[in-house]
Amino acid sequence: MANEATATDRTVRKLVEQITTNFSEQQSNNPEIALALLHASKQGKNGIGKPDFFFMAGSYPVVIEDKPAFDRGAYVENGEIVLDYPYTKSYADNGAAWYAKNIVEKSIYHECFAIGATGDSRYLQLQPYHVFLPKGESKAVVRKLNPIVDLTDFSEANISEYYRVEVLGEKTVEQQHIENLQTVAAQLHEDLRNYASLEGENKATVISALLLALSGEPNLLTIMQGSNGEDNQDGDKVFAAIKVELKSSHVKPSDPNAVWNQKINILLNKFGFIRTNVMLNKINPSLNMTPLKYFATTLEQKVLEHFQRNTDFDVLGNFYGEFVKYGGSDGNSLGIVLTPQHITSLMAELIDVQPTDFILDPACGSAGFLISAMHRMLNAVDGDETKKTDIRQNHLYGIELQEKLFTVATTNMILRGDGKSNLRLGDMFSFSGSEFQEKGINKILFNPPYSQAKNKTTQHLSELNFIRHALDMSVPGGKLAVIVPQSTMIGKTKYDKQLKKEILDKNTLESVITLNPDTFYGIGVNPVIAIITAGKKHSADHAVTFVDFRDDGYKVSKHIGLMPDGSEKAKRKKLVQLINGNLISFENKFALKTTITAEDEWLHSFYYFNDEIPTDADFEKTIQDYLAFKFDMTVHGRGDLFNDESR
């Protein structure tokens, strides 16, 4: 136990040292704090209080207590942390809060942060509290905050932002930025329809064209003056600027090949209508400019700079989602379900995407997965420009069937400095597995089209068949992370059961993670992530990890959609550590490991046995969940799952 405690101390000390060198252990180097702790022994005696770690975060004292055992985090009664002996001695959170209470009640500092730490270098849980003295009161209040993954929020540079968000409850800068972009997307959705009578895919095409043109011609807005004739219209100027951008040295390969030329021709053909569309090029009296210039002005002022930010938020993908949200056949009835950014980045982390990897998304949509993978890879090489260039040119591959999304994806990558990415237009089944194995593909991130297999004629469009073919595109030992509906992992039809068997005959299922049912908010899909090792037969005694990750720290916010609630980083870290094998102890209701067969339902709920006696409320919720799931599957063409007959 002593060694474990020492290991925990060392782990916490490293985290503290990352943000400050001015800290103390088992004492306080601040005379005012030392005086407040003079009679604050956590053992309930009159001795000196000795927190494991103490430092100042700006003007706020911070105390940390640590314990090696996860079950020694907090002792709570009636929803409140208990600040009495022996709990202050035996539990990390209670001890830290006890010291903070004494500080705010006995010193000039009336606000303090207390942090309980449990675990070690493999996995450390950090639970902060805000302890404060209300004005005119003499007794401190302890308020639990969202868990954290490290101590960077308590650095001199970050503490003000942390206090603003966590203590005052305001939105993060990133949340504000995303909400602003969503507002812009919603406004453009209306403006593109009202001023140019555009719908669906043409809206996304115009936005893509203008963003490329603004990158190719910095003075584009100045030269867009409209025209009464058929020549030299704003659309012609935009089209010319796009050509400049596509031929620039940072986009065009030094030795263009057939694939590159094909891609450019597709883009130019797709953008061609902006030269001939009358409403786009005619000066609108209410705007006093052409709608094309009006849209370009909005993008330059409110969107373009985002592509220079160090983020993997998929602006164009989110715009496209907004444009087709009400677009009938242009939207998700075709299986177009764009993956949220927090999931694309999570999946890249779960399969540990590294700068030396070769990434493929065989149904890339707006390129959200490739953007997240590239973002992670570029961050890993820091300032090495040679490696960054190599990543952009040689490590990112994608396939997209629909020309409109191919255009969005290509634009997305070019605007992020990756005009040389290997995107291909076509059906993934038309490409052989060996073609991509030869390129060294060893990491696949994938969201296959949903709800395409409705009968025997279309059964080959089952999500499992997409997964099987994608696995053939990876070198042996490569990793695939795929997000699909829960029904995919059930495999009720004979055809799907056979596909599951074939997958296990050549590959190894590593884990299946049940996600938040609101992940695709507004779409109505209950998703899971499956992680599979390619080219290695699944052993009968191989234990698969099944996780219930429905509580992921994301909640639906009215009029905005799915947003983080502050606990998402810690919950994500716990999941990643579990998948990496660093989380040794966990409850079965969160995760379990078991052997499987092709006949099983590859879901946590199939293997988990809850021996607690259910309440009436539990029963009612189960019925509600079942009915919601049945309705969801039925409206997406999978009502056959609830029939007794199997094909």
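Treat the numbers as computed from the prediction; the structure is a model and nothing was measured.
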(request) Evaluate side-chain contact (heavy atoms from CB on, under 4.5 Å) for Asn318 paired with Leu181, printing each intermediate quantity in order. (result) CA-CA 9 Å; Asn318 277 267; Leu181 284 170; over 6 Å; no
(request) Would you sort out whether Trp602 and Val544 count as a side-chain contact (heavy atoms from CB on, under 4.5 Å), showing the intermediate values? (result) CA-CA 9 Å; Trp602 297 343; Val544 180; over 6 Å; no
(request) Evaluate side-chain contact (heavy atoms from CB on, under 4.5 Å) for Leu198 paired with Val206, printing each intermediate quantity in order. (result) CA-CA 9 Å; Leu198 295 177; Val206 168; 3.6 Å; yes
(request) Let me see the working for Gln354 and Asp352 under side-chain hydrogen bond (donor to acceptor under 3.5 Å, both in side chains), right down to the final yes or no. (result) CA-CA 6 Å; Gln354 294 296 315; Asp352 193 27; 2.7 Å; yes
(message) Is there a side-chain hydrogen bond (donor to acceptor under 3.5 Å, both in side chains) between Asn447 and Thr339? Walk through the geometry before answering.
(response) CA-CA 7 Å; Asn447 178 354; Thr339 313; 2.7 Å; yes
(request) Carefully, step by step, assess Asp518 and Arg550 under the rule side-chain contact (heavy atoms from CB on, under 4.5 Å). (result) CA-CA 9 Å; Asp518 287 322; Arg550 289 175 296 176; over 6 Å; no
(request) Determine, stepwise, if the pair Glu568 / Lys573 fulfils salt bridge (charged side-chain N to carboxylate O under 4.0 Å, His left out). (result) CA-CA 9 Å; Glu568 75 285 351; Lys573 179 185 177 183; over 6 Å; no
(message) Evaluate Thr205 against Lys270 for side-chain hydrogen bond (donor to acceptor under 3.5 Å, both in side chains), listing each step before the verdict.
(response) CA-CA 7 Å; Thr205 303; Lys270 196 70 179 173; 4.9 Å; no
(request) Please step through side-chain hydrogen bond (donor to acceptor under 3.5 Å, both in side chains) for the pair Asp548 and Thr514, ending with a clear verdict. (result) CA-CA 5 Å; Asp548 183 350; Thr514 302; 5.6 Å; no
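More than 12 non-hydrogen atoms from other residues, nucleotides or ligands lie less than 6.0 angstrom from CZ of Arg193.
Between the side chain of Thr488 and the backbone N or O of Pro485 there is at least one donor-acceptor pair closer than 3.5 Å. Remark: side-chain polar atoms of Asn269 are paired, donor with acceptor, to backbone N or O of Asn265 under 3.5 angstrom. A donor-acceptor pair under 3.5 Å links the side-chain atoms of His469 to the main chain of Phe431, judged by distance alone. When atom types are taken as modelled, the side chain of Lys439 and the backbone of Asn394 share no donor-acceptor pair closer than 3.5 angstrom. In this structure, Lys203 contributes its side chain and Phe319 its backbone to no donor-acceptor pair below 3.5 Å. Between the side chain of Asp357 and the backbone N or O of Ile359, no donor-acceptor pair lies under 3.5 Å. Side chain of Glu400 to main chain of Gly365: a donor-acceptor pair is present (N/O by atom type, distance under 3.5 Å, no hydrogens or angles). Side chain of His538 to main chain of Lys506: no donor-acceptor pair is present (N/O by atom type, distance under 3.5 Å, no hydrogens or angles). Panel note: side chain Thr389, backbone Glu385; a donor-acceptor pair is recorded below 3.5 Å. Side chain of Lys243 to main chain of Val238: no donor-acceptor pair is present (N/O by atom type, distance under 3.5 Å, no hydrogens or angles).
Scanning for ring pair (Phe, Tyr, Trp, His ring centres under 6.0 Å) contacts around Tyr554 gives His342, with sequence neighbours left out. Residues satisfying the ring pair (Phe, Tyr, Trp, His ring centres under 6.0 Å) test with Phe546, not counting sequence neighbours, are Tyr607.
Side-chain contact between Ile266 and Phe271: absent, with no pair of heavy atoms (C-beta onward) separated by less than 4.5 Å. For the pair Leu464 and Ile503, the minimum side-chain heavy-atom distance is below 4.5 Å. A heavy-atom distance below 4.5 Å is not found between the side chains of Ser474 and Leu480. Using a 4.5 Å cut-off on side-chain heavy atoms (C-beta onward), Val512 and Val547 make no contact. Within the 4.5 Å cutoff, no side-chain heavy atoms of Val484 are placed close to those of Pro527. The shortest distance between side-chain heavy atoms of Phe239 and Leu268 falls below 4.5 Å. Between Phe358 and Ile444 the shortest side-chain heavy-atom distance does not fall below 4.5 Å. Two residues are said to be in side-chain contact when any heavy atoms from C-beta on lie closer than 4.5 Å; Asn526 and Phe520 fail this criterion.
Looking at Asp496 and Lys501, no side-chain N of the basic residue comes within less than 4.0 Å of a carboxylate O on the acidic one, giving no salt bridge. Comment: Asp552 does not engage Lys571 in a salt bridge, judged by the lack of any side-chain N to carboxylate O separation of less than 4.0 angstrom. Using a 4.0 Å cut-off between charged side-chain N and carboxylate O, Asp505 and Lys537 make a salt bridge. Electrostatic pairing of Glu349 and Arg572 counts as a salt bridge here, judged by a charged N lying under 4.0 Å from a carboxylate O. Ionic pairing of Asp472 and Arg468 is not present here: no N-O contact between side-chain nitrogen and carboxylate oxygen is shorter than 4.0 angstrom.
Contacts classified as salt bridge (Lys or Arg N to Asp or Glu O under 4.0 Å) and involving residues 478-490 (residues at least two apart or in different chains) are given here: Lys479-Glu510.
Under the 3.5 Å distance criterion, with hydrogens and angles disregarded, a donor-acceptor pair is assigned to the side chains of Lys593 and Thr545. In this structure, a donor-acceptor pair under 3.5 Å is absent between the side chains of Gln175 and Glu179. Side-chain atoms of Thr344 and Ser372 include a donor-acceptor pair closer than 3.5 Å.
Between atom CD1 of residue Ile414 and atom OG of residue Ser215 there is a gap of 9.0 Å, rounded to the nearest 0.5 Å. A distance of 12.0 Å separates CG in Asn277 from CG in Asp234, rounded to the nearest 0.5 Å. Atoms CG and CZ, on Leu471 and Phe466 in that order, are 13.5 Å from each other to the nearest 0.5 Å. The OG atom of Ser511 sits 3.5 Å away from atom CD1 of Ile531, with the distance rounded to the nearest 0.5 Å. In this structure, the separation between CG on Leu188 and OG1 on Thr183 is 11.0 Å, given to the nearest 0.5 Å. The distance from atom CD1 of Ile343 to atom CD1 of Ile529, rounded to the nearest 0.5 Å, is 5.0 Å.
Of all heavy-atom pairs spanning Ile207 and Phe323, the tightest one is CG1-CE1, 3.7 Å. The two residues Thr595 and Asp600 come nearest to each other via the heavy atoms O-OD2, 4.4 Å. Closest approach of Ala409 to Ala367, counting heavy atoms only: CB-CB, 3.8 Å. Summarising the geometry of Leu280 relative to Ala196, their closest heavy-atom pair is CD2-CB, 3.7 Å, with the distance given to 0.1 Å. Closest approach of Lys263 and Thr410 over heavy atoms only: CD-CG2, 3.7 Å. When every heavy atom of Pro362 is checked against every heavy atom of Ala470, the shortest pair comes out as CG-CB, 4.1 Å.
Ring orientation note: the planes of His306 and His177 are close to parallel, at an angle under 30° on the 30°/60° scale.
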